[in-house]
Amino acid sequence: MSDCRIAVFGAGVVGLTTALELQQRIRNARITIIADNFKEDTTSDRAAGIFSPASYFSGPTPEITQEWINYSYNYYQDLKNEIGVGIKDLSGYVMSNRCYTETRNSYLEHVLPVYRAVDEDELASIAPGDWKYGSFMTTLLIECRQYQPWAMQKIRSNGGEIVSGRISSFSEVGNYGKFDVVMNCTGLGAKVLCNDRKLTPIRGQVFKVDAPWLDKFYYGGSDCYIIPGIWAATLGGTRNFNSWDTSVNRYDSACIWDKCTRVVPRLAKAPVLAESVGLRPHRDIVRVEPEIINGLKVVHNYGHGGYGVTSAPGTAHTATSFAIDLLRGTSSKL
């Protein structure tokens, strides 16, 4: 693997974390990130950033998915105390008035230091409503508005290069130089790049509000979530399958506001800083695998849906292992 060159397509949380993993494990590699969107222009920038995968988030097997979650949690824990990275502990509640299973998450139960059931009395004391079931947990918040610039600076300081450009076909890779391996972290862009019919957008709309007094997160069913961040709290949301609409919908705004202020009434007076829409790149299953395309060695790492922040370190670790195999002339799959 002497003096190898690796291109990373995409500069969202998955692409940047993959580049960092490559630099960590292939010390002599020259890494070039090629992307057309950076920082605030990425879908990752709109993410609430809470470490909390959905129960339907899926890798090739339940065991591999759990490995991704475990690796990611430990990765972020190790970075938590580094200045400027934007990671902190965050506690809160998941509540339901329908069924107990809505409040449980087997991925998190295996990794979080605090994860317990709560009863109706505790629920009544923390949020109005007829909540019957709930869980309390302490997890992590990863603020991409800080993490992504930190990652870009880290990549550059390690000798990496970041280039603005758009790749619509693997045949265009040569326009940016000769690479030994390409890491495809293009998110929703892979739908065209790979002609992947399994990849679809899930539209998400959120408010960002100024609520520095909010110190816990709340999930209240029906895609209602309230997540305090480092610079703003996120109120959401929507989950519109196969919608490409990136405009803010006033009916969705009214619904989100109503749901969230019912759970935390004090939010009704919180100043609105922004409303935004992001298209989550959903794929069942997340694609992390090697492929040879017209002689070009490619490792795919995309389709994380709304859980790119949560799972990026884990999938980056697997993708980097595939890259090492390709550089050594061996091949394997999950």
Side-chain angles (χ1 to χ4, degrees), residues 1-35 44 59-61 63-65 67-72 74-75 78-79 148 151-152 154-163 165 167 169-187 189-190 193-194 196 199 281 283 285-304 308-309 311-334:
M1 296 188 290
S2 176
D3 198 31
C4 61
R5 293 195 66 195
I6 302 176
V8 178
F9 294 169
V13 66
V14 174
L16 294 175
T17 307
T18 298
L20 288 171
E21 185 77 12
L22 289 163
Q23 288 182 326
Q24 176 68 27
R25 295 175 59 193
I26 313 175
R27 296 303 181 103
N28 55 351
R30 290 181 290 163
I31 309 298
T32 300
I33 294 178
I34 304 167
S44 304
T61 67
E63 293 76 19
I64 289 170
T65 309
E67 288 174 9
W68 288 347
I69 300 304
N70 293 355
Y71 186 92
S72 295
N74 292 327
Y75 173 93
D78 289 344
L79 289 177
Q148 292 193 136
M152 291 176 70
K154 188 85 169 177
I155 290 161
R156 287 192 175 107
S157 68
N158 289 338
E161 183 182 16
I162 299 175
V163 175
I167 299 289
S169 168
F170 287 106
S171 63
E172 299 172 1
V173 175
N175 296 338
Y176 297 90
K178 182 176 175 57
F179 297 99
D180 298 285
V181 175
V182 167
M183 312 297 287
N184 173 24
C185 305
T186 54
L193 181 62
C194 302
D196 191 336
L199 187 64
R283 190 180 191 274
I285 57 174
V286 180
R287 189 181 187 192
V288 185
E289 64 180 0
E291 185 181 15
I292 307 298
I293 302 174
N294 296 324
L296 181 67
K297 296 176 179 179
V298 177
V299 179
H300 302 289
N301 185 12
Y302 67 83
H304 301 65
V309 178
S311 62
T315 65
H317 184 76
T318 298
T320 297
S321 294
F322 286 139
I324 291 170
D325 288 343
L326 289 173
L327 289 167
R328 289 173 173 166
T330 60
S331 62
S332 61
K333 286 194 175 185
L334 292 175

Do the side chains of [Y] and [X] get nearer than 4.5 Å, heavy atoms only?
| X | Y | value |
| --- | --- | --- |
| Thr32 | Arg30 | no |
| Val163 | Tyr176 | yes |
| Arg283 | Ile285 | yes |
| Asn184 | Cys194 | yes |
| Ile26 | Leu327 | yes |
| Val288 | Phe322 | yes |
| His317 | Ser72 | no |
| Asp3 | Asn28 | no |

Q) Mind checking what makes side chain to side chain donor-acceptor pair (under 3.5 Å) contact with Asn74, not counting sequence neighbours? A) none
Backbone N or O of [Y] within a donor-acceptor pair of the [X] side chain at under 3.5 Å?
| X | Y | answer |
| --- | --- | --- |
| Thr17 | Ala312 | no |
| Ser311 | Gly314 | no |
| Glu291 | His300 | no |
| Asp180 | Ile6 | no |

(Q) Other residues, nucleotides and ligands only: do more than 12 of their heavy atoms fall within 6.0 Å of CG on Asn294? (A) no
Taking all atoms of both residues into account, what is the closest heavy-atom pair of [X] and [Y], and its distance?
| X | Y | result |
| --- | --- | --- |
| Ile155 | Gln23 | O-NE2, 3.1 Å |
| Leu16 | Ala151 | CB-CB, 4.0 Å |
| Ile33 | Ala11 | CG2-CB, 4.0 Å |
| Ile31 | Ala19 | CG2-CB, 4.1 Å |
| Ala319 | Asn301 | CB-ND2, 4.0 Å |
| Lys154 | Ser157 | O-OG, 2.8 Å |

Q. So how far is it from Cys4 SG to Arg328 CZ, rounded to the nearest 0.5 Å?
A. 11.0 Å
Q.
Rounded at 0.5 Å granularity, tell me how far CD1 in Ile64 sits from OG1 in Thr318.
A. 7.0 Å
**Q.** Criterion side chain to side chain contact (heavy atoms under 4.5 Å, CB included) on Val299 and Leu326, from CA distance to verdict
**A.** CA-CA 9 Å; Val299 179; Leu326 289 173; 3.6 Å; yes
(Q) Ring of Tyr302, cation from Arg287 - is the NZ or CZ under 6.0 Å from the centre and inside 45° of the axis? (A) no
Q: Quick one: do Lys297 and Ile292 satisfy side chain to side chain contact (heavy atoms under 4.5 Å, CB included)? Show the steps, please.
A: CA-CA 5 Å; Lys297 296 176 179 179; Ile292 307 298; 3.7 Å; yes
